[in-house]
Amino acid sequence: MAKGNGTPLTDELYAYMLGHNPPLDPVQRMLVEVTHTRLPLVAGKQVAEEQGPLLAFLVRLTGARRIVEIGTFTGLSALSMAQALPSDGTLLTCDVSEEWTGYAREAWEKAGVADRIELRIAPALRTLQELPAEPHIDLAFIDADKDNYVAYWDELVPRMRPGGLLVVDNVFYHGEVTDPDASGMAAAIKDFNARVKADDRVDSVMLSVADGLTLARRR
């Protein structure tokens, strides 16, 4: 089987790509730096730099007005999406950490989008189950605890409007999904990926963006 186009993503090519994407604005850049300075041991939870502009692009492309995010961390992805929302748009983001999301709240205020974002500190599955059951979500982003991805998916898909977009991060799980003996979180992601592929409610594609990204459109 041919392996893509054979172009390795070197540091130089990665920098070139970032240089040809929309740059992070001052608040986004500050949030990246604060996250890596104050939370160095968990900073890898933050979305890759190229994912912020991509998420904003997808919000504008789909015309999304109602967004649900599972996994806030320090808020870069929510910030990027909220900035791309129309003035009447709303973003509900779910997390369990007051500490991490404290940085998010500060950044959202600085960027002037705090009024578009609702943060719920509670188990995300419970938050999803409390949402209206009818299809009403335009875009959903899943980037949280991997062992609950299937459960999040099962709650979100019926609530997506026809044509709504689901975006799922870390579907490569650091490359461990190719291990036939994968266990733990890697095994959970393998199960999730198989579930998405077999789900006839959506059209989906898996992309080699950052640690693997799946896009799924609700039929």
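Note: the hydrophobic cluster containing M160 does not contain V59 (ILVMFWY, side chain heavy atoms under 4.5 Å, direct or indirect links). Connection of I189 to L207 is not established within any shared hydrophobic cluster, with ILVMFWY side chains joined at heavy-atom distances below 4.5 Å, either directly or through further cluster members. At a threshold of 4.5 Å between side-chain heavy atoms, the hydrophobic network of Ile, Leu, Val, Met, Phe, Trp and Tyr places V171 and V205 in two separate groups. Following chains of ILVMFWY side-chain contacts shorter than 4.5 Å, one cannot reach L54 starting from I70, and the two form parts of different hydrophobic clusters. Hydrophobic clustering, with ILVMFWY side chains joined whenever heavy atoms are under 4.5 angstrom apart, keeps I142 apart from V96.
For the pair L13 and T7, the minimum side-chain heavy-atom distance is below 4.5 Å. The closest side-chain heavy-atom distance from L39 to Y103 is below 4.5 Å. In this structure, L85 and R60 have side chains that are not in contact, with every pair of non-hydrogen atoms separated by 4.5 Å or more. In this structure, L92 and T127 have side chains that are in contact, with non-hydrogen atoms separated by less than 4.5 Å. Residues R218 and P135 fail the side-chain proximity criterion, which asks for heavy atoms closer than 4.5 Å. With contacts defined as side-chain heavy-atom distances shorter than 4.5 Å, the pair F57/P22 does not qualify. Residues E69 and M81 form a side-chain contact, since some pair of their non-hydrogen atoms from C-beta on lies under 4.5 Å apart. With contacts defined as side-chain heavy-atom distances shorter than 4.5 Å, the pair T74/V32 does not qualify.
Of all the heavy atoms in V202 and V196, the pair that sits closest is CG2-O, 4.3 Å. What you find for A111 and Q83 is that their closest heavy atoms are CB-NE2, 3.9 Å. Nearest approach of W153 to V168, heavy atoms of both residues: CZ3-CG2, 4.3 Å. Nearest approach of A78 to I117, heavy atoms of both residues: O-CD1, 4.2 Å. Shortest non-hydrogen contact noted between D145 and N148 is OD2-ND2, 2.6 Å. Nearest heavy-atom pair, S80 versus A56, reported as atom, atom and distance to 0.1 Å: O-CB, 3.6 Å.
A donor-acceptor distance shorter than 3.5 angstrom exists from the side chain of D95 to the backbone of F73, with no hydrogens or angles considered. Remark: side-chain polar atoms of R116 are paired, donor with acceptor, to backbone N or O of A82 under 3.5 angstrom. In this structure, T37 contributes its side chain and V34 its backbone to no donor-acceptor pair below 3.5 Å.
Judged as a side chain to side chain contact (heavy atoms under 4.5 Å, CB included), and not counting sequence neighbours, the contacts of R159 are L131, H136, I137, E155.
For the residue pair T101 / T72, no side-chain donor-acceptor distance below 3.5 Å is found, with atom types taken as modelled. Between T90 and E118, the side chains place no donor N or O within less than 3.5 Å of an acceptor N or O (distance only, hydrogens not considered). Judged purely by distance below 3.5 Å, without hydrogens or angles, the side chains of T214 and S204 never pair a donor atom with an acceptor atom. In summary, the side chains of D115 and W108 do not present any donor paired with an acceptor at a separation below 3.5 Å, with no hydrogens or angles considered.
Distance check, rounded to the nearest 0.5 Å: CD of E176 to CG of N170 gives 11.5 Å. The distance from atom CD of E50 to atom CG of L24, rounded to the nearest 0.5 Å, is 10.0 Å. Here the CD-CZ distance, from Q51 to F141, works out to 5.5 Å after rounding to the nearest 0.5 Å. Taking CD1 from I121 and OG from S97, the interatomic distance works out to 7.0 Å, rounded to the nearest 0.5 Å. Within the model, atoms NZ of K45 and CG of D169 stand 11.5 Å from one another, a figure rounded to the nearest 0.5 Å. Residue C94 holds its SG atom at 5.5 Å from CG of L128, rounded to the nearest 0.5 Å.
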Problem set entry | Residues L166, V157; criterion side chain to side chain contact (heavy atoms under 4.5 Å, CB included); working and verdict | CA-CA 8 Å; L166 297 110; V157 172; 4.3 Å; yes

Exercise. How far apart are the C-alpha atoms of W100 and V42, what are their side-chain angles, what is the distance that settles it, and do they pass the side chain to side chain contact (heavy atoms under 4.5 Å, CB included) test?
Worked result: CA-CA 10 Å; W100 295 345; V42 291; 4.1 Å; yes

Exercise. Given the rule in the side chain to side chain contact (heavy atoms under 4.5 Å, CB included) test, do F192 and K146 qualify, once you have shown the distances and angles that lead to the verdict?
Worked result: CA-CA 9 Å; F192 171 77; K146 314 312 173 192; over 6 Å; no

Exercise. Please walk me through it: do L165 and V167 pass side chain to side chain contact (heavy atoms under 4.5 Å, CB included)?
Worked result: CA-CA 6 Å; L165 182 67; V167 184; 4.0 Å; yes

For this session: Test R38 against E33 for salt bridge (Lys or Arg N to Asp or Glu O under 4.0 Å), laying out the working first.
Result: CA-CA 8 Å; R38 300 186 186 176; E33 293 173 357; over 6 Å; no

For this session: Decide side-chain hydrogen bond (donor to acceptor under 3.5 Å, both in side chains) for E49 and Q28; before the verdict, give the C-alpha distance in whole Å, the side-chain angles of both, and the deciding distance to 0.1 Å.
Result: CA-CA 9 Å; E49 185 168 331; Q28 293 172 338; over 6 Å; no

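A salt bridge does not link D138 with R65: none of the charged nitrogens is closer than 4.0 Å to a carboxylate oxygen.
Heavy atoms from other residues, nucleotides or ligands lying under 6.0 Å from OH of Y14 number more than 12. A 6.0 Å sphere centred on CD of E109 holds no more than 12 heavy atoms belonging to other residues, nucleotides or ligands.
Residue pairs meeting the side chain to side chain donor-acceptor pair (under 3.5 Å) criterion with at least one member in residues 182-197, sequence neighbours excluded, are D154-R195.
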